[in-house]
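The sequence lines fix the lettering, A, B, ..., with proteins before strands; numbering per chain opens at 1.
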Amino acid sequence: MGKLVLIDGNSIANRAFYALPLLSNRQGIYTNAVYGFTQILLKILDEIKPEYILVAFDAGKVTFRHADFKEYKGKRLQTPSELSGQFPMLRELLEAFQITYFELNGYEADDIIGTLTKTAETENLDTIVVTGDKDMLQLASDHVSIYLTRKGITEVEAYGPKQIKDKYQLTPKQIIDLKGLMGDTSDNIPGVPGIGEKTALKLLHQYGSVEEVLAHIDEISGKKIKENLSIYREQAILSKQLATIFRDVPLQFSIEQLTYHGFDQEKVYELFSKWEFHSLIERLEIDKGENIHQDQILQLKINSFTDESKQIWNTILNQGDQPLALHVETNGENSTDKILGISLSNDTEQLFLSIENVMDWPEFQNWLKNPDAAKWVYDAKRTEMVFFWNHIQIEGIQFDLLLGSYLLNPSDGAVFLSDIAKQYNYMGLQSDEGFYGKGAKREIPEQNLLMEHISRKAHVIYHLKPFIENKLIENQLSELLYAVELPLSRVLAKMEKIGVKVDEERLKLMGVEIEQTLKKLTEEIYELAGVEFNINSPKQLGEILFDKLQLPIMKKTKTGYSTSADVLEKLEPYHPIIGQILHYRQLGKLYSTYIEGLLKVIHPKTKRIHTTFNQAITATGRLSSTEPNLQNIPIRLEEGRKIRQAFIPSEPDWLILAADYSQIELRVLAHISNDEKLIEAFQKDMDIHTKTAIDVFRVNEDEVTSLMRRQAKAVNFGIVYGISDYGLSQNLNISRKEAGEFIDRYFAVFHGVKQYMKDIVERAKKEGYVSTLLHRRRYLPDINSSNFNLRSFAERTAMNTPIQGTAADIIKLAMIQVAEQMEQKHLRSRLLLQVHDELIFEVHPDEIDEMKVLVKDTMEHALDLNVPLKVDMNIGKTWYEAK
DNA sequence: TATGTCACG
DNA sequence: ACGTACGTGACATAC
């Protein structure tokens with residue numbers, strides 16, 4: 001006859017939650033309790049093969065036990081939000097498994113389980129109770145065994161009357177008496193003070209029950225125990241009552257109704273995929289339905305380049321509208337690195353080519369440059385750039401797995417193809433690090449393995465594309481991919497190909513000057529310190545300043561004294577060395593990063609600097625720039641700003657045009673918050689910081705001092721960053737209270753902004769993510785965290801990301817539109833750089849007026865907001881002069 | 001490889 | 001009370 005399994009849902013979920021690290025899926029949903037619970041459930045289904053099964057949950061906060069003892073469970077910590085959020089998922093899980101779960105107001109899971117074991121007993125049915133709670137041992141009998149979880153999660157220990165006897169020399173019923181005497185801190189059952197497990201067991205072995213113990217208090221040895229037993233006799237009786245599982249819960253169903261018929265494969269698969277329980281999917285060998293079949297994955301059919309395969313693939317390439325996946329592998333991360341191989345894949349077969357094969361095969365080159373021949377790739381821009389450096393043209397990239405997966409979760413940044421494959425349960429692709437080895441151990445495996453690895457990449461791209469695309473559609477992100485990111489990758493590629501001309505001689509000359517000043521400063525600092533040391537070492541510098549010179553310690557880092565610029569600025573009055581150090585730092589930075597650093601990356605052939613724009617890194621949708629970073633060329637201090645004199649047009653007589661959005665983030669905020677005052681300010685084109693000062697300090701325009709404007713500006717920054725009084729106070733060097741007042745006054749005027757901040761955080765808590773105007777999405781896994789720090793950070797991010805992200809959306813649109821129009825009008829001028837809210841061009845002298853109009857107009861109308869967008873422009877012979 | 005610092009928006 | 005401003009990348013030092 002079959003068995004009945006009864007699972008204590010709350011207990012198992014709790015055990016799993018605390019036994020496992022706080023796992024979460026890429027949407028930031030915590031899954032550890034669900035994962036552990038699922039593991040135990042699978043083990044039970046597998047090993048016991050129950051005929052009937054039920055999961056019982058505790059219902060509500062108040063049970064009948066509270067009527068007797070209102071402190072019941074009083075000391076128990078509140079369930080952390082990371083766990084409580086997982087209970088609805090457990091219900092989903094059980095529904096997919098088609099397992100009955102049950103809870104009843106006023107009762108705990110124990111009582112439901114106790115009642116069912118009683119019923120089962122009358123039907124002579126063997127029952128197994130699964131729990132982490134020792135109290136349940138009282139239910140054990142010849143027909144009922146208790147499976148207690150042990151350390152870890154899937155290890156259980158089975159208890160029947162015999163095991164309880166062996167361990168405690170008690171009958172199951174006496175477990176209740178044990179609790180009555182010793183109590184239970186986790187449920188706040190008091191027991192008798194001074195009596196722990198040892199004493200309780202001794203007493204019960206002698207007298208048998210709480211009542212009998214109390215009846216024989218006089219005989220008991222030990223003065224303190226005797227005393228406590230008589231003082232707390234009532235409490236002992238009450239404790240016993242509390243520990244007794246109630247076995248007559250009115251249940252409206254029969255055991256027959258708990259029959260287990262197996263799980264719903266499709267639903268279980270769907271949940272496991274969503275929660276990223278990949279190993280469990282494997283374990284269940286679920287038929288993946290519309291998902292990838294492993295046997296299909298493992299079977300590559302790789303063709304190498306022969307006369308025969310050439311004929312076959314010529315036919316395939318000529319099928320025009322049939323898309324193919326394309327992958328180019330290089331020996332390193334740069335697009336200038338040597339090509340190791342090129343692969344193509346359709347549904348069933350792959351073709352592997354060397355770069356020489358490509359050169360020998362004009363039909364393939366034609367296919368590559370045919371814009372109507374659809375290509376699917378991983379990293380469109382890189383693909384284009386690698387071919388570019390090899391003098392090969394490519395058009396017609398219609399899908400990019402990297403950009404697609406970035407849009408699905410930008411917080412992951414750029415993920416490797418092998419990681420994306422894993423996310424979709426394609427297990428066949430090794431990571432590059434695993435395949436090639438890393439660091440000094442890196443080497444290229446033999447040709448056959450290399451062919452397979454590279455071919456497999458094309459295969460993965462081909463098979464994953466529909467899955468990524470479906471998810472994009474589901475999240476309303478496909479338009480962002482097709483209308484923004486993919487076209488933008490072409491624009492960025494063009495910018496990278498052109499590069500920026502740098503006046504090498506000028507840079508070197510500036511370097512010599514800086515070097516001399518640095519040398520002088522170094523000597524002066526040694527003189528003032530009275531000793532030579534490494535000024536670049538925060539550790540050594542800290543020792544000099546704070547130990548040797550005894551300057552006051554303002555701030556500490558986790559490893560020692562802080563010597564950052566804001567600390568040093570406060571120390572300036574104390575010692576002349578400080579000013580010299582600040583100057584040294586400033587020049588040192590210029591020299592190493594901007595003189596040496598830039599000279600290093602001037603391309604030997606083109607004599608220009610070709611940065612790489614990263615389109616899939618930031619969590620907000622902004623671009624980033626590397627090798628070198630051309631988005632952080634100095635401007636704030638004049639000494640550094642001079643670096644920009646070295647950035648010049650690449651053709652004689654051309655000019656540099658810089659066009660920047662004025663206050664784009666605050667304008668975006670005005671739009672999305674729909675704040676009346678802010679909108680009005682921008683419609684009247686007011687100086688926004690002055691306007692803020694007028695409102696926050698309640699003065700007339702002519703009364704606004706420069707200090708007030710500066711402070712108002714900081715408040716505006718604070719608003720965009722997700723305001724906090726502490727942050728503002730640090731920035732302005734004022735007290736937290738004062739900062740708080742500024743914020744209050746700001747919100748008193750800008751109601752709409754206040755409302756927006758409140759709404760967006762609320763929405764993030766509910767949805768788990770925030771979005772930009774173009775639906776770009778960022779998940780905020782910590783928004784409901786019980787950890788104050790994590791939660792606060794997520795809240796500020798919720799406020800900031802729609803603003804920063806929408807601004808990023810807008811300039812991306814502008815770049816695409818500007819590039820389109822320049823092409824349409826056959827202009828020779830070129831877009832060179834993007835720096836978040838500005839675009840830098842080099843302009844042909846004949847096109848200056850046309851470009852000025854085109855750029856300004858296009859940028860200002862890239863997206864229609866309920867405030868005007870404003871663009872300022874400057875032109876000059878160098879980037880420095882375009883100010 | 002991690003940390004502190006500093007360049008930019 | 002908790003302890004931070006949002007988003008990046010490069011360099012030097014110390015581990």
- Report the C-alpha distance between A:Ile723 and A:Phe747 in whole Å, list the side-chain angles of each, state the deciding distance to 0.1 Å, and finish with yes or no for side-chain contact (heavy atoms from CB on, under 4.5 Å). CA-CA 11 Å; A:Ile723 196 89; A:Phe747 281 142; 4.1 Å; yes
Ring geometry between A:Phe717 and A:His689 (parallel below 30°, tilted from 30 to 60°, perpendicular above 60°): parallel
Polar pair under 3.5 Å, donor/acceptor by atom type, side chain A:Arg736, base C:dG3: yes
Item checked: Side-chain N,O (A:Thr620) to OP1/OP2 (C:dC6) below 4.0 Å -> no
* Describe the nucleic acid contact of A:Ile635 in one word from base, sugar-phosphate, nothing, applying a heavy-atom distance below 4.0 Å. => sugar-phosphate
Residues A:Thr690 and A:Asp687: side-chain donor-acceptor under 3.5 angstrom:
yes
Correct closest heavy-atom pair for A:Leu732 and A:Arg710 would be CD2-NH1, 4.2 Å
Dump the intermediate steps for salt bridge (Lys or Arg N to Asp or Glu O under 4.0 Å) on A:Arg585 and A:Glu569, then the final yes or no. CA-CA 12 Å; A:Arg585 281 248 179 99; A:Glu569 274 157 28; over 6 Å; no
Counting N and O atoms only, with roles assigned by atom type, does the side chain of A:Gln615 sit under 3.5 Å from a partner on the main chain of A:Glu485, one being a donor and the other an acceptor?
-> yes
Say we look at B:dG4 and C:dT4: how far apart would their P atoms be, to the nearest angstrom? 12 Å
Applying the Watson-Crick and G-U criteria (both distances under 3.5 angstrom) with [ ] for crossing and | for other-strand pairs, one obtains for DNA chain C .....|||||||||.
note: A:Glu665, atom CD; C:dT8, atom C1'; distance rounded to Å ~ 13 Å
Against the side chain of A:Asp725, the closest entry in C:dC6, B:dG9, C:dT4 is C:dT4
Nearest heavy-atom contact between A:Ala798 and A:Ile760 is O-CG1, 3.4 Å
May A:Phe793 be described as stacking on the base of C:dT4, applying a 5.5 Å centroid limit and a 30° limit on plane angle? no
Of B:dA7, B:dT5, C:dG3, the nucleotide closest to the side chain of A:Pro634 is B:dA7
Side chains of A:Ser564 and A:Asp566: donor-acceptor distance under 3.5 Å anywhere? yes
Compute whether any side-chain donor of one residue and acceptor of the other, for A:Gln631 and A:Gln834, lie under 3.5 angstrom apart.
yes
*Do we see a donor-acceptor contact under 3.5 Å between the side chains of A:His583 and A:Glu639?*
yes
To the nearest angstrom, the CD-C1' distance between A:Glu795 and C:dG3 comes to 14 Å
Integer angstrom distance from the P of B:dT5 to that of C:dA5: 13 Å
Q. Contact class for A:Ala807 (heavy atom, under 4.0 Å): base, sugar-phosphate, or nothing?
A. nothing
Protein heavy-atom contacts under 4.0 Å, written 5' to 3' over nucleotides 9-15 of chain C as B (base), S (sugar-phosphate only) or - (none), form the string BBSSSSS
Worksheet item: Which part of the nucleic acid, if any, lies within contact of A:Thr563, taking any heavy atom under 4.0 Å across all strands shown: a base, the sugar-phosphate backbone alone, or nothing?
Response: sugar-phosphate
Next on the checklist: Classify A:Gly722 by what it touches in the nucleic acid, base, sugar-phosphate, or nothing, heavy-atom distance under 4.0 Å.
Outcome noted: nothing
Heavy atoms under 4.0 Å, any strand shown: does A:Ile803 hit a base, just sugar-phosphate, or nothing?
nothing
May I ask you to verify if any side-chain N or O of A:Arg796 is less than 4.0 angstrom from the OP1 or OP2 atom of C:dC6? yes
A:Asp566 atom CG is separated from B:dT5 atom P, nearest whole Å, by 9 Å
Worksheet item: Around atom NZ of A:Lys754, are there more than 12 heavy atoms of other residues, nucleotides or ligands at under 6.0 Å?
Response: no
With sugar-phosphate meaning primed atoms plus P, OP1 and OP2, does A:Ala808 contact a base, only sugar-phosphate, or nothing at under 4.0 Å between heavy atoms?
nothing
Check: What is the nucleic acid contact for A:Ala714, judged by heavy atoms within less than 4.0 Å: base, sugar-phosphate only, or nothing?
Finding: base
Given B:dA7, is OP1 or OP2 found less than 4.0 Å from the side-chain N or O atoms of A:Arg641?
no
Whether A:Glu860 side chain and A:Pro868 backbone form a donor-acceptor pair below 3.5 Å: no
Rounded to the nearest 0.5 Å, the CZ atom of A:Arg778 sits from the CG atom of A:Asn800 at a distance of 7.5 Å
Taken to the nearest whole Å, CD/A:Gln834 to C1'/C:dG7 is 12 Å
Of the candidates C:dG3, C:dG7, B:dT5, the side chain of A:Asn789 sits closest to C:dG3
Atom CG of A:Asp837 and atom C1' of C:dC6 are separated, to the nearest Å, by 14 Å
Taken to the nearest whole Å, CG/A:Asp782 to P/C:dC6 is 13 Å
Can any side-chain N or O of A:Arg644 pair as donor or acceptor with the backbone N or O of A:Pro634 at less than 3.5 Å?
yes
Taken to the nearest whole Å, CD/A:Glu838 to C1'/C:dG7 is 16 Å
Can you tell me if A:Arg636 touches the phosphate of B:dG9, counting only side-chain N or O atoms and a distance under 4.0 Å to OP1 or OP2? yes
Comparing A:Thr797 with A:Ser724, nearest DNA chain C nucleotide closer to 5' gives the residue A:Ser724
Under a 4.0 Å heavy-atom cutoff, the residues of residues 759-768 of chain A touching DNA chain B are none
When rounded to whole Å, the OH to C1' distance for the pair A:Tyr721 and C:dT4 reads 13 Å
**Prompt:** Which part of the nucleic acid does A:Val835 contact within heavy-atom distance under 4.0 Å: base, sugar-phosphate only, or nothing?
**Reply:** sugar-phosphate
Which of C:dA5, C:dG7, B:dT5 is nearest the side chain of A:Gln804? It is C:dG7
Of the candidates C:dC6, B:dT3, B:dG9, the side chain of A:Lys558 sits closest to B:dT3
